[in-house]
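Everything below concerns the one structure shown next.
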Amino acid sequence: MLKAFNVRLNDREMTLPEKIMEYMLISEKLKGTKVFVTVNMRSYITDEKIEQLFKSVLLHKINLICIENKEYSRLDTEKVIIIDEDMCVI
């Protein structure tokens, strides 16, 4: 419905993590989205900013699954599961 009326958010002053968080909050409220999945997000956002994003996600009780192409340093706010090419959980 928003797309039909060409409704846009004024996000020019927002950082990428802020835009992601805003999208998740709006999508959850308007569409009832239960789980968000990102791919290689940590390639684009610094550890400091990703930590802030994860804290916001936890604060708002949003379910987020991050799929990454390599192993990054582990943050306090994340649970890491490694799945190898044989689909085995390490």
Side-chain angles (χ1 to χ4, degrees):
M1 195 167 177
L2 295 175
K3 192 173 185 179
F5 292 106
N6 199 24
V7 174
R8 303 272 184 229
L9 296 174
N10 185 6
D11 62 358
R12 292 181 186 209
E13 302 296 321
M14 298 172 77
T15 64
L16 180 58
E18 290 171 336
K19 290 178 185 180
I20 292 168
M21 189 68 215
E22 189 73 20
Y23 173 80
M24 287 191 287
L25 289 171
I26 291 170
S27 182
E28 182 183 47
K29 286 187 171 115
L30 295 179
K31 296 183 351 180
T33 306
K34 302 291 182 196
V35 178
F36 295 91
V37 178
T38 63
V39 178
N40 296 332
M41 182 170 62
R42 292 196 58 185
S43 298
Y44 301 100
I45 304 174
T46 64
D47 284 348
E48 180 181 298
K49 294 288 184 186
I50 205 82
E51 183 77 35
Q52 292 173 354
L53 177 64
F54 288 171
K55 286 180 182 178
S56 294
V57 165
L58 289 171
L59 178 69
H60 293 287
K61 298 180 181 173
I62 294 174
N63 297 310
L64 175 63
I65 298 173
C66 300
I67 300 172
E68 300 294 338
N69 64 344
K70 65 179 189 173
E71 190 173 357
Y72 289 92
S73 59
R74 188 169 189 172
L75 304 173
D76 294 336
T77 54
E78 67 182 344
K79 177 182 177 183
V80 177
I81 298 172
I82 300 173
I83 302 173
D84 67 8
E85 63 187 41
D86 296 326
M87 302 304 281
C88 296
V89 177
I90 298 176

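Note that the coordinates shown come from a computational prediction; the quantities given were computed from them, not determined experimentally.
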Taking the side chain as C-beta and beyond, is there a heavy-atom pair between [X] and [Y] under 4.5 Å?
X     : Y     : answer
Met41 : Ile67 : no
Leu53 : Met24 : yes
Gln52 : Glu48 : yes
Asp76 : Phe54 : no

- request: Please determine if Lys19 and Glu13 form a salt bridge, counting it only when a charged side-chain N lies under 4.0 Å from a carboxylate O.
  value: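 So Lys19 does not pair with Glu13 through a salt bridge.
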message: Distance check, rounded to the nearest 0.5 Å: Arg74 atom CZ versus Lys79 atom NZ?
response: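 Going from the CZ atom of Arg74 to the NZ atom of Lys79 covers 9.0 Å.
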- request: Rounded to the nearest 0.5 Å, what's the gap from NZ on Lys61 to CG on Asn63? Could you check?
  value: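 Reported value, rounded in 0.5 Å steps: 11.5 Å.
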task: Could you state whether Leu58 and Ile65 fall into the same hydrophobic cluster, counting links through intermediate Ile, Leu, Val, Met, Phe, Trp or Tyr residues with side-chain heavy atoms under 4.5 angstrom apart?
output: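 Shared cluster, no.
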message: Could you see if Ile81 belongs to whatever hydrophobic cluster contains Met87? Use Ile, Leu, Val, Met, Phe, Trp, Tyr and a side-chain cutoff under 4.5 Å.
response: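 Result: yes, single cluster for both.
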Closest contact, heavy atoms only, [X] versus [Y]:
X     : Y     : answer
Asp84 : Cys88 : OD1-N, 2.8 Å
Ile50 : Asp47 : CG2-O, 3.2 Å
Asn40 : Glu68 : CA-OE1, 3.1 Å
Phe36 : Glu28 : CZ-N, 4.2 Å
Leu75 : Glu51 : CB-OE1, 3.2 Å

task: Decide if atom OH of Tyr44 counts as having more than 12 heavy atoms of other residues, nucleotides or ligands within a radius under 6.0 Å.
output: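 No, the 6.0 Å shell around OH holds no more than 12 heavy atoms from other groups.
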query: Can you list the steps and then say if Arg42 with Glu78 is a salt bridge (Lys or Arg N to Asp or Glu O under 4.0 Å)?
result: CA-CA 12 Å; Arg42 292 196 58 185; Glu78 67 182 344; 3.1 Å; yes
field: Criterion side-chain contact (heavy atoms from CB on, under 4.5 Å) on Ser43 and Tyr72, from CA distance to verdict
entry: CA-CA 9 Å; Ser43 298; Tyr72 289 92; 3.0 Å; yes
task: Check Thr15, Leu16, Thr38 against Ile45 for a side-chain contact (heavy atoms from CB on, under 4.5 Å) and give me the one that passes.
output: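 Answer after filtering Thr15, Leu16, Thr38: Leu16.
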field: Tyr23 side chain to Thr33 side chain, donor-acceptor N/O pair below 3.5 angstrom
entry: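 There is no such pair between these side chains.
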task: May I have the step-by-step check of side-chain contact (heavy atoms from CB on, under 4.5 Å) for Leu25 and Ile62, ending in yes or no?
output: CA-CA 8 Å; Leu25 289 171; Ile62 294 174; 3.8 Å; yes
